[in-house]
Structure formats: C-alpha cells, structure tokens
Amino acid sequence: MTASIDDLVAGLATVRDEELTSGPGARELLAAITAERPEAVRAPRPRYARLLPAGAAATALAAMALVALTGAGPEPVRTYANAAVAIEHKGEVYEVRVKDAYADQREFAEAFAKLGLNVRLSIVPVSPRSERRVLSFGGTAEGDDRQMPTGGRTREVDVTPFTCPPAGACPLTLRLSGDVHSPMEVTLGRRARPGEVYADDPPQQGDPLKRLKLRGLTVADALARLRGNGLGAVYEIGSFTPGGSGSWFTPAPSWRPAPGRRVTGAWLHSSQVATLMVSPAEGDPQPTPTG
Amino acid sequence: MDEDEFAAVYAQAYEPLLGYVLRRCGSVDDAADIVAETFTIAWRRAAEVPGGDQAQLWLFGTARRVLANHRRGERRHLLKTAALRSELEAMSGAVPGPEDAAPVGRVFRELAEADREVLTLVAWEGLGVAEIATVLGCSRNAVSIRLYRARRRFARRLRAAGVDTPYPAAPAGRLGRAERAAS
C-alpha cells in the first residue's frame, strides 16, 4: 500500500464535496434565518446579571468578592465576582464576564481558582492588524493527552466578542462547558514593543511586508532589500504540492539558506525582523516535533 | 455585516459547511439541524463574523461547538437507553455493518476523538495548520503537534492491525488556502 495517512483518511469520507449542491432547501433556510433581525434571536440575558451590583453602589460592592449558592431554580446557581470578573455556573455552563481583559491577571486567576476552572487568559504581543483581537480560544495542548473523562466530555470555550473596542477597557464574555478542569486558554493580542516577536506571524493579506515584493527573489536579493528597509531576517522551510496544500517548519535560529535559493513567502516576524520562507532542499534540517 | 453580506457568506460557505457536518453526523436530520443552528448563530453574531476565507473557518469552529453539544445530548440519551438497545440488538441478531469489516475504517474509529478531528480537518476539509488552529481555537504549534501525533498513532495502529502503510514523518505544519493566497 502506498497511500499516505492523509489519503487513507480521505478515503473514509462518507460524503465528497463534489456531491454537495445548494437547492431550494438551502435558499429556504437562508430566508428563514434572515427573516428575524439579529437582535431578535439573541439569547436573553443570563439571570446572574441581575444578581450583580449596579448603580451607585456598584463600585464599592464590585471590589468585594461575592460567592453565592442559591436553590432558586431547578439547578443550583453558583456565582463569583470580584473587581475584575464575574462568574456564574449553572448546569453545565460557566459564564465568565471579564470587565477588562487587559486588567490585572491575578484577579482572573483568583476568580477562576475559586470555582476550580482551569482557564488562562494570555495577552500576547501582535502585529498592528491583530491588536486588541482574540487570537485563539480553546483547550491547550497540555490538556490533549489527558485521559478522556467518564462520559467523554470535551472542553468547550466560546468568547464574545472577538474584537475589543479600539481603546480603553476590553470586556469579554467567556462560556465554558464540558471538562472545564482540563486546561483552556484564551489568547488576546496587545501592541508589540519594538523588536518583540509577533505571536500572529503567519502570512496574511495586508501584511506591510508585501510592498517589498520579496517572493521569488533569491535569498541574497531579499536580504539586501530588507537591509535597505532596516529589517533583519529569520527563516522557515516550506513546500507546496500541486494540489495547493503545503507544509512549513522553523529550523534552528543559526541555520541559513544558501544565498541563491528562492524566497517562497515573506511576512513580518517583529517590527524589526522579517520571516523568509524557502523551499526545502537536500541537506536541509528536518522538523523535530516537540511537546 | 448586513443581510446582503451575510447572504454572500452563506452562498460561499453553505456547501463546505454542509460537507463538514454531514461527514461528522450520524443522520441527515441531525446534520440539517446543525447546519441551521450554525448559520443562525452566525446571523445572531453577524457583527463578529470575519470576512473572506476566515468566514468559513469561523463557521467550521461554530459548527464544531454545535456538534459537540449535540453529541453530549446523544451520549446522555445513549446512557439512558443502553440496556434497552442491548436487548433489542440481541432480539434482532444485529451484526456489524459492512463498514466495520474494513480495517482502515475500524482502526480510524478507534482513535481518540481529538486525533480523528485533526486528521479529518486535513483530509476531508483540506485545511492547513493555521486554518485548523482557527477552527479549533488553539495555536498553530499545538495543531502541528496534535497532527504529528495523530498521524503517528494512526499509522502505528494500522500496522498493528496488519495494514501495511508507509509513514513518512509528517511535516510540522501545513499552509492552508488563505495563507497560500497571501504569501
């Protein structure tokens, strides 16, 4: 058998894309969905919001941690609030209201720990296009190898909104469900300091480096053009298949491609350094998965 | 995002999303519900749905959560009806379906859900590492590691089942459509 692992998996698909069509049913569904205004189908505000302090007394009360356990509904409701975050647990879902995601992270850690939640809110340096945006959310790799809990519950995280207001506080709402004791992480971008490596460095439309038109140049020519713009370089080794898929990995920082090799992609690594991708060649280092 | 823009996203993403859900769903009825629920969420949160290729990834990520909720409900139902189903299967003399006889499919179904998820996002949806990271809401590095391990585990179990498959070590990352278009 010469099929690759991916080919074997592809052969297991019960439905192929070319078999799919959009008929009247699809059009009816669209019409039914858009018949209601977006705000009309929005879920009602959760009950815990009414439990939170409001008005003139809010400031003083919000500084106090509040843990409540009531039997008012069919299932107990647990809430926790401090100056930075308010959490309600009802049924299988924890709803976390973060007042400002850029606030003191210790307040979040304290609140999450109170209810046994394994959630980390990470603020990472990013390029200007990703500032104040949620970059990722979900279970972390360190939790991937945990034994699946009884009942097969997986971790689920949802975040609203994905983009913070352009300035000031960044309020976020997280909804956590499933195996909430497995590690989960929400990553939010902040403005990178000069030279700080971007956490969002994959090539994207609008990358300011595109104006330099580095793709297709030799490494030597690309380096010269980068130097002319006050930029250094790091490297990635990448390849593409005729079908359009591809791969890349990061070689050791000390590795340098031969000057005559072609640049297949380029994007900003930090405000002072660009990443140059070259196609793999014989003798190149090989990827070594870690973790 | 206004209604026209939403309709454009819907037109572009409907078939890929339908495929994504049908390939992971036990019945077409459930698939229809999940596709409808996913687009309803998207309409409800239209202001947050990104443009371009990212819209489809956003929808995949949302459908993934809707599917997970659906499966949790299914599991609870299955637990309640386990004894009854066992009795009915004994009465009907149920035998494994033809798909259970195929060793590749059987071994694949025995993989952990997390392994199957990354393998199918590559092989069925044709997504790259960065796109999968968007759908799963984790880092590219985490996806690369998960993909590497999943391919390795699948190959190892296939060999144990007597299926001869070469396993060239998977590269650490794949570029998806959006990245290739932009690079």
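Chain A is the first sequence line, chain B the second, and so forth, proteins listed ahead of strands; every chain is numbered from 1.
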Point to revise | Top of A/L214, A/L29, A/T163 for chain B proximity - count of heavy-atom pairs under 4.5 angstrom | key: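 If we count pairs closer than 4.5 Å to chain B, A/L29 comes out on top.
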Practice item. Pick whichever of A/V159, A/V134, A/L30 has the most heavy-atom pairs under 4.5 Å with chain B. Key: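 Winner by heavy-atom pair count: A/L30.
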Exercise for review: Output yes when a side-chain donor or acceptor of B/W124 lies under 3.5 Å from a complementary backbone atom of A/V9, and no otherwise.
Suggested key: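 Side chain of B/W124 to backbone of A/V9: a pair is present.
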**Study point:** Check: A/A26 main-chain N/O paired with B/Y10 side-chain donor or acceptor under 3.5 Å
**Key:** yes
Straight-line distance of [X] [atom1] to [Y] [atom2], nearest 0.5 Å:
X     : Y      : atom1 : atom2 : value
A/D6  : B/L147 : CG    : CG    : 7.0 Å
B/F39 : A/T34  : CZ    : OG1   : 12.0 Å
A/L12 : B/R106 : CG    : CZ    : 12.5 Å

**Study point:** chain A contact via B/E3 - side chain, backbone, both or neither, heavy atoms under 4.5 Å
**Key:**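 Just the side chain, heavy atoms under 4.5 Å.
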Exercise for review: Side chain from CB out, backbone as N, CA, C, O: work out which of these in B/Y14 comes under 4.5 Å of a heavy atom of chain A, or both, or neither.
Suggested key: side chain
Exercise for review: Assess whether side-chain contact (heavy atoms from CB on, under 4.5 Å) is satisfied between A/I5 and B/R152, documenting all intermediate values.
Suggested key: CA-CA 9 Å; A/I5 288 294; B/R152 188 176 56 181; over 6 Å; no
**Study point:** Toward chain B, the part of A/T187 with a non-hydrogen atom under 4.5 Å
**Key:**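 No part of A/T187 comes within 4.5 Å of chain B.
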Review point. Take atom CZ in A/R175; do more than 12 heavy atoms of anything else shown fall under 6.0 Å from it?
Key: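 Atom CZ in A/R175 is not crowded, with 12 or fewer foreign heavy atoms closer than 6.0 Å.
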Check your understanding: For B/Q12, does the CD atom have more than 12 heavy-atom neighbours from other residues, nucleotides or ligands under 6.0 Å away?
Key -> no
**Study point:** Minimum-distance pair of heavy atoms, taken over all atoms of A/A13 and B/R23
**Key:**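 Of all heavy-atom pairs spanning A/A13 and B/R23, the closest is CB-CD, 3.8 Å.
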Review point. Which heavy atom in A/F162 sits nearest to a heavy atom in B/E48, and how many Å separate them?
Key: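 Result for this residue pair: CD1-O, 4.0 Å.
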